[in-house]
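These values consider heavy atoms only, across backbone and side chains, with no hydrogens, waters or symmetry-generated copies. Letters A, B, ... mirror the listed sequences (proteins, then strands); counts begin at 1. Computed from a predicted model, the values in this text were never measured in an experiment.
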2 protein chains.
Amino acid sequence: MSEQRANHDTRERILDVAERLFMENGYEATSMRLITGAAEVNLAAVNYHFGSKEALLREVFRRRLTWLNDQRLQALDRLEAQAAGAPLKPSQILEAFFGTLLRMGEDEALGGMTFLRLLGRTLTDPAEFIRTFFAGEYAQVIDRYKRALFHALPDVPKAEIVWRLHFMLGAMSYAIAGTDVLEVVTGCGLDDLAGETVSPEDGATVHARRLAQRLMPFLLGGLRAPLPQFGDLPIRQEESPQEVADEGRGSMPHNRP
Amino acid sequence: MSEQRANHDTRERILDVAERLFMENGYEATSMRLITGAAEVNLAAVNYHFGSKEALLREVFRRRLTWLNDQRLQALDRLEAQAAGAPLKPSQILEAFFGTLLRMGEDEALGGMTFLRLLGRTLTDPAEFIRTFFAGEYAQVIDRYKRALFHALPDVPKAEIVWRLHFMLGAMSYAIAGTDVLEVVTGCGLDDLAGETVSPEDGATVHARRLAQRLMPFLLGGLRAPLPQFGDLPIRQEESPQEVADEGRGSMPHNRP
DNA sequence: TTAGAATTTAAACGAACGTTTGAACTAGAT
DNA sequence: ATCTAGTTCAAACGTTCGTTTAAATTCTAA
C-alpha cells in the first residue's frame, strides 16, 4: 500500500546489489536468496526480470560494458582522425584504452570501483558461459586496439605486441581486483603508502585516480621494454632440484577417535 | 579384491585430481562428488584424509608452496651472499622471484602449468579462508623481496616499489591464469603467434618457457619505467638503460626489428 | 470504472551440496 | 589365528541451491 516502488526500480536495484555481491563473493558463492534479500525484493524477482542467475550476471556487465566499449572506440576514433593516418603514440593508445576504464572507477554512476573490481575478478573466471560472454563483448574493441598497436609499433613483431597487451591487461585487472589482497600480503595498505589521507566518501574516487597515475607509466615501460633475446633466460639452475618432501606422516584421520 | 591400491595412493590421487579440477572449474564450482569421482575414490575419502573441502584446497597449495617459498628464499640468499652487501640488480631479483615460479611450469612433478594456472586464478578469489591462507603463506617471502627491491632501488619511493610489485604480480598471475581467455578475445592463439609448432606433450613445458622469455623483459621494463608525476628523476638503471621519451613514434628502443 | 497486462508474493519443487555414520574390509604385528 | 588400527564403503543426514507455480496485487489504458 504505502510502500510504493516504481516498476523499473526493482530491476535496477537487483542489478546494483548483484554487482556488489558478485564482486564481494564471486558468482558461485553469491546465492539468489542473498541477492534478493539484500535488494529487498522477492526471491522470484530475478527469474522474472532476467530469466536466470546467469542472465543476471550478463546483464550486470552489459549495462556497463556497452558504454565502456563505445567510449573506447570513440576515443580511438578521435585519436586516429586527429593523426590523419600517421601512427599513434603508444602512450595515446594506452591512455585511450586503460584511461577510459580507470575513469569509470571515479564515477559512481558508472559503477565506480565496485564494477572495476568485479570486472577484474570475473575476467579470469573459468565458467564457460562467462568466457564466451566476454569473448563476444570484447572481441571488437580488442581487435581495434590491437591493430592500432601494430600500426604504432611497426618494428615490433606482432606476436610480441599481443603478448604485451596480454600482460598489460593482467597488470590492470589484478591491480584493480586484488588491491585488498596485496594489502594483506604486503602488510601495509596502499593508502598508507600514498602518504595522504582522504575522506572516506572520496576514497574510491581517489583510489582510482592514484591507480591510474601509477599504472600508466608501468604499462608504458613494459610495452616498450627491449625485446627478449632468445636464450637470455636461464632455464635450469645449477643445483639439482630437491625432492618434494613426502613428510611420511603417520596417518591422522580427522573425524575418527 | 584384485583392485589394489597402496595406502598413501588415495591421498595423492585426490590432491592431483583436485588440483586440476579446481583449476578448470574454480573452487566453488568443483564439488566433492566430482573430485572423488574423477579420482575413483569413495566420496568420504576427502573428509577422512583432509577433514573438509576447504582443508583440501589448502593442502593442494601447501604441498607446492612450501617448496616454492623455500626455493625463492634460497635464490635470494644466494644472490645476496654473492653480492656481499652490495645492492642487487632488479633483474636478478625478478629472475629469482618470477623465474623460480615459472620454472615450476616446466616440471610436471612440481605441478606444471596446471598448478601455475590454479595459483594465478585463486590469488584473486574473494573467499575469506583463501585470502587468509595466502596471506600467511606469502607474507614472509613477499617481505624479503620487497626489502631487496628497496635496497636495489634506493632512489625510488618505497610506495612506488610496492605498487609496481603489485602490478608485476598481476601481469604474471593473469598471464598464466588467463591464457586461454585472451586467446579467445584476441581471436588467435598465442601458440600460433609464436611461429613454432610443438608436440602436444611438450606443450605445457614449452608454453612455460616462452611465457618466461616474454614476461621477464616486460616486467623489468615496467619496474624501471620513469616515475609518474615528477617522473624525470631517474630510476636506477644499471643495465641497458632505455629511453624514456615517448616522442619516438615509429622508432622504438627495441633492439630488434 | 473496469478489463487486462504487468508485477509481486508465498510456497513449494527436485536436485545437488558438504558432511557424517557405522559397518565392512585390509594389512601388519603378536 | 587373532587382534588392532587404518582405510574404504554404501547410505543417509540436514541444508541450501536455482527455479517454478499459481494466486494476489498493482499498474495501465480504454
**Request:** Apply the test side-chain contact (heavy atoms from CB on, under 4.5 Å) to residues B/Leu219 and B/Phe167: give CA-CA distance (whole Å), side-chain angles for both, the deciding distance (0.1 Å), then the verdict.
**Result:** CA-CA 9 Å; B/Leu219 296 181; B/Phe167 297 150; over 6 Å; no
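Spacing between atom CG of A/Asn42 and atom C1' of D/dA24 amounts to 12 Å, rounded to whole angstrom units. Between the CD1 atom of B/Ile35 and the C1' atom of C/dA16 there is a distance of 15 Å, given to the nearest Å. Atom CG of B/Asp9 and atom P of D/dT7 are 13 Å apart (whole Å). The interatomic distance linking B/Leu43 (CG) with C/dA16 (C1') rounds to 12 Å, in whole Å. If you measure from atom CD of B/Glu40 to atom C1' of D/dC9, you get 15 Å, rounded to the nearest angstrom. Spacing between atom CZ of A/Arg13 and atom P of C/dT7 amounts to 15 Å, rounded to whole angstrom units. In this structure, A/Met32 atom CE and D/dT16 atom P are separated by 17 Å, rounded to whole Å. For the pair A/Lys53 NZ and D/dT16 P, the interatomic distance rounds to 15 Å; values are reported in whole Å.
Taking the side chain of A/Tyr48 as heavy atoms from C-beta on, and the options C/dT8, D/dG6, C/dA11, the nearest nucleotide is C/dT8.
With the nearest nucleotide of DNA chain C identified for both A/Ala45 and B/Thr30, A/Ala45 has the one nearer the 5' end. Nearest-nucleotide assignment on DNA chain C puts the 5′-proximal partner with A/Ala44, out of A/Arg33 and A/Ala44.
Contact annotation: A/Ser52 side-chain N/O to D/dG18 OP1/OP2 distance is not under 4.0 Å. For A/His49 and C/dT8, the shortest distance from a side-chain N or O to OP1 or OP2 is below 4.0 Å. Taking 4.0 angstrom as the limit, B/Ser31 places none of its side-chain polar atoms (N or O) nearer than this to OP1 or OP2 of C/dA16.
A 4.5 Å side-chain heavy-atom check between B/Val41 and B/Ile35 finds every atom pair outside the cut-off. Using a 4.5 Å cut-off on side-chain heavy atoms (C-beta onward), B/Glu95 and B/Thr100 make no contact.
Salt bridge status for B/Arg117 with B/Glu24: absent, with no side-chain N to carboxylate O gap under 4.0 Å. A salt bridge links B/Arg147 with B/Asp143: the closest approach of a Lys/Arg side-chain nitrogen to an acidic carboxylate oxygen falls below 4.0 angstrom.
For the pair A/Arg72 and A/Phe97, the distance from NZ or CZ to the six-membered ring centre is under 6.0 Å and the angle to the ring normal is within 45 degrees.
Computed from C1' positions of five pairs at each end, the angle between the two local axes of the helix from C/dT1-D/dA30 to C/dT30-D/dA1 equals 0°, rounded to 10 degrees.
Applying the ring pair (Phe, Tyr, Trp, His ring centres under 6.0 Å) criterion to A/Tyr48, with sequence neighbours excluded, gives no partner residue.
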